[in-house]
Amino acid sequence: MAAVFLSPCYNLDMLQIPLPPATEEMLRERAKANGEDVSAYAARLLHDALSAPSVDELLAPFRKQVEESGMSDGDLDQLGEELRTDVWQEQQARKAKSA
């Protein structure tokens, strides 16, 4: 069953967000496990999520370097595959040493 989210309601300095019952229960359980009031916990989660850089912001320097390098999509794919293979081989070597 798909989650249905209703429109938020605004009340001065308060934001009310209707949540599906299962989501609300998870929120309550996690707040309790963290020893926090549900409202404070939800506000902290929202603040942390909105304060963190977006994926676009995180990838911007890398995208700029790729663009400036003139690498093609194929070159970038090949580099990624080579790096993945190198990491896999290093992991296998570590496993062999510890066995």
- N34 side chain to E36 backbone, donor-acceptor under 3.5 Å: no
- Query: Are any side-chain N or O atoms of D75 and backbone N or O atoms of S72, one a donor and one an acceptor, separated by less than 3.5 Å?
  - Reply: yes
- Query: Between the main-chain N or O of L19 and the side-chain N or O of T23, is there a donor-acceptor pair closer than 3.5 Å?
  - Reply: no
- Measure the spacing between CD of E81 and OG1 of T85 and express it to the nearest 0.5 Å. 4.5 Å
- Query: With distance as the sole test, does S51 use its side chain to make a donor-acceptor pair with the main-chain N or O of D48 at under 3.5 Å?
  - Reply: no
- Query: Heavy-atom count around R44 CZ within 6.0 Å, excluding the residue itself: above 12?
  - Reply: yes
- Message: If the threshold is 4.0 Å, N to carboxylate O, is there a salt bridge linking R63 and E67?
- Response: no
- Query: Are L76 and L59 connected, step by step, through hydrophobic side chains (Ile, Leu, Val, Met, Phe, Trp, Tyr) whose heavy atoms are closer than 4.5 Å?
  - Reply: no
- Message: Can a donor-acceptor pair be found, under 3.5 Å and without considering hydrogens, that links the side chain of Q92 to the backbone of Q89?
- Response: no
- Task: Decide whether M26 and Y41 are clustered together by the hydrophobic rule: side chain heavy atoms of Ile, Leu, Val, Met, Phe, Trp, Tyr closer than 4.5 Å, transitively.
- Result: no
- Task: Please name the pair of heavy atoms, one in L58 and one in P53, separated by the smallest distance, quoted to 0.1 Å.
- Result: CD2-CG, 3.7 Å
- Task: May I ask whether M71 and L83 are part of the same hydrophobic cluster, defined by side-chain heavy atoms of I, L, V, M, F, W, Y residues being less than 4.5 angstrom apart, directly or through others?
- Result: yes
- Task: Check the surroundings of atom CG in D73: do more than 12 heavy atoms from other residues, nucleotides or ligands lie under 6.0 Å from it?
- Result: no
- Query: Linking I/L/V/M/F/W/Y whenever any side-chain heavy atoms sit under 4.5 Å apart, do L79 and F62 land together?
  - Reply: yes
